[in-house]
Amino acid sequence: MENMYVFYDGKIVPESEVHISIRCKGFNYGLGCFEGIRAYWDDAEKQLYAFRMREHYERLLQSCKTLYINIPYTVEELCQATLDLLKKHNFHSTVYIRPLAFKGSDQIFPTLLDDDNRIVIYCQPLGSFVGKDELRAAFTSWERLGDNMLPPRTKPTAAYLNSGLASLEVVRRGYDEALFLTRNGHVCEGPGENVFMVRKGKLITPPPSDNILEGITRDTVMILAREELGIEVIERSITRTELYAADEVFFSGTAMEVVAVVEVDDRRIGTGQQGPVCRKLKELFFQVATARLKKYADFCMPVY
Ligand code: PMP
């Protein structure tokens with residue numbers, strides 16, 4: 001992108017000055033992991049708030065530890081670098097931030113045992129990701145990766161080939177978004193978002209043991225459902241046809257935010273329209289993300 005800055009090699013530099021080798025292992029073998037963070041612009045307060053940024057960097061450092069990508073920064077230093085980067089652009093709109101940690105060496109073997117560990121942070125304005133309030137989803141025939149295969153919990157770059165194949169398949173068949181099943185037939189998540197269902201007044205979502213990424217938006221939704229709506233929230237395995245029988249289904253994720261799924265595999269969900277629980281949680285989510293609910297002020301780090 002033109003006229004953008006990035007954090008790279010410990011400094012904020014013009015994006016055009018960063019050159020990464022075509023031989024780099026991160027590029028050749030997907031030896032890397034990343035995060036997606038949003039900072040929400042509040043026009044009334046004229047303030048930009050980075051949403052749950054600490055938790056995102058805690059998750060990134062945990063992923064780096066698992067994958068042997070040793071990044072020489074603390075969570076606080078990464079938060080500060082991101083705040084500096086956002087200030088440098090003087091954004092007055094909602095922004096998506098992408099920290100990416102990877103193996104930078106150009107040795108030909110895909111070993112994780114090398115010391116060329118790098119991190120780059122870039123960003124761009126991003127409004128609604130899907131541009132729709134109601135999605136039609138379908139299960140993909142591609143199986144979701146397992147924890148003992150390519151751990152989805154670490155948000156590894158290579159896992160997004162699995163996500164890409166799933167999206168390719170269902171989007172070409174005319175649906176908006178894919179849903180994954182695990183090897184043992186449990187509902188898992190979407191290519192880049194977690195999934196929830198409302199059934200008999202309870203909010204139910206797959207547990208971490210079903211190979212999901214433990215989403216930060218998912219966590220926010222669970223807190224808001226319990227605390228603000230007084231709804232019971234249960235993490236348990238869900239089967240495919242149970243989703244068809246749900247009163248509501250919706251996705252949650254940093255890029256996706258909170259979006260209703262009104263059809264799964266050509267079966268109408270509930271009334272076939274965004275349901276009341278999804279609508280309320282979505283409203284609450286945006287209030288929290290723009291620091292309007294003081295109880296959750298800790299989730300929002302002001303940039304300016
Ligand atoms: N699952 C996958 C596979 C994802 O890529 C994402 C996006 N990071 C999520 C779930 C949602 O996680 P979060 O709410 O932390 O963005």
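One-based numbering, in listed order, for ligands and for the atoms of each. Source: prediction; values computed, not measured.
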Could you check S237 against D210 for side chain to side chain donor-acceptor pair (under 3.5 Å), going step by step and ending with a plain yes or no?
CA-CA 7 Å; S237 295; D210 277 339; 2.6 Å; yes
Applying salt bridge (charged side-chain N to carboxylate O under 4.0 Å, His left out), run through E257 and K282 and close with a yes or a no.
CA-CA 8 Å; E257 300 166 315; K282 188 175 182 168; over 6 Å; no
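Between I37 and P99 there is a side-chain heavy-atom pair separated by less than 4.5 Å. Between R292 and D42 the shortest side-chain heavy-atom distance falls below 4.5 Å. Under the 4.5 Å side-chain criterion, counting only non-hydrogen atoms from C-beta, L60 is in contact with I119.
Taking only nitrogen or oxygen atoms, main chain and side chain alike, R144 does not reach within less than 3.5 Å of ligand 1. Close N/O approach between T217 and ligand 1 is found [any backbone or side-chain N/O within under 3.5 Å]. For a threshold of 3.5 Å applied to N or O pairs, the pair formed by G190 and ligand 1 contains no separation below that value. Remark: ligand 1 and K155 share an N or O pair separated by less than 3.5 Å (distance only, no angle test). The shortest N or O to N or O distance between T254 and ligand 1 is below 3.5 Å. Of the polar atoms of E189, at least one N or O is found under 3.5 Å from an N or O of ligand 1, judged by distance alone.
In the candidate list G192, G253, A255, G192 is nearest to atom 4 (C) of ligand 1, counting heavy atoms.
N194 OD1, 3.6 Å is the protein heavy atom nearest to atom 11 (C) of ligand 1. Summary of contacts: the protein heavy atom closest to atom 15 (O) of ligand 1 is I216 N, 2.7 Å.
Results of the ring pair (Phe, Tyr, Trp, His ring centres under 6.0 Å) test with F34 over Y160, Y122, F102 single out Y160 as the only residue that passes.
Looking only at distances, a side-chain donor or acceptor of K46 sits under 3.5 Å from a matching main-chain atom of D43.
Proximity of P191 to ligand 1, defined as any heavy-atom pair under 4.0 Å, is confined to the backbone N, CA, C and O atoms.
Listed by number with element, the atoms of ligand 1 under 4.0 Å from a non-hydrogen atom of G215 are 12 (O), 13 (P), 14 (O), 15 (O). Contact atoms of ligand 1 toward Y160: 2 (C), 3 (C), 4 (C), 5 (O) (distance under 4.0 Å to a heavy atom of the residue).
One side chain, Y57 or T82, offers a donor N or O that lies under 3.5 Å from an acceptor on the other.
Taking 4.0 Å as the cut-off, P152 does not count as a neighbour of ligand 1 on heavy-atom distance. Not a single heavy atom of M256 lies less than 4.0 angstrom from ligand 1.
Using the six-membered ring where Trp is involved, F196 and F250 have ring planes that are parallel, under 30° apart on the 30 and 60° scheme.
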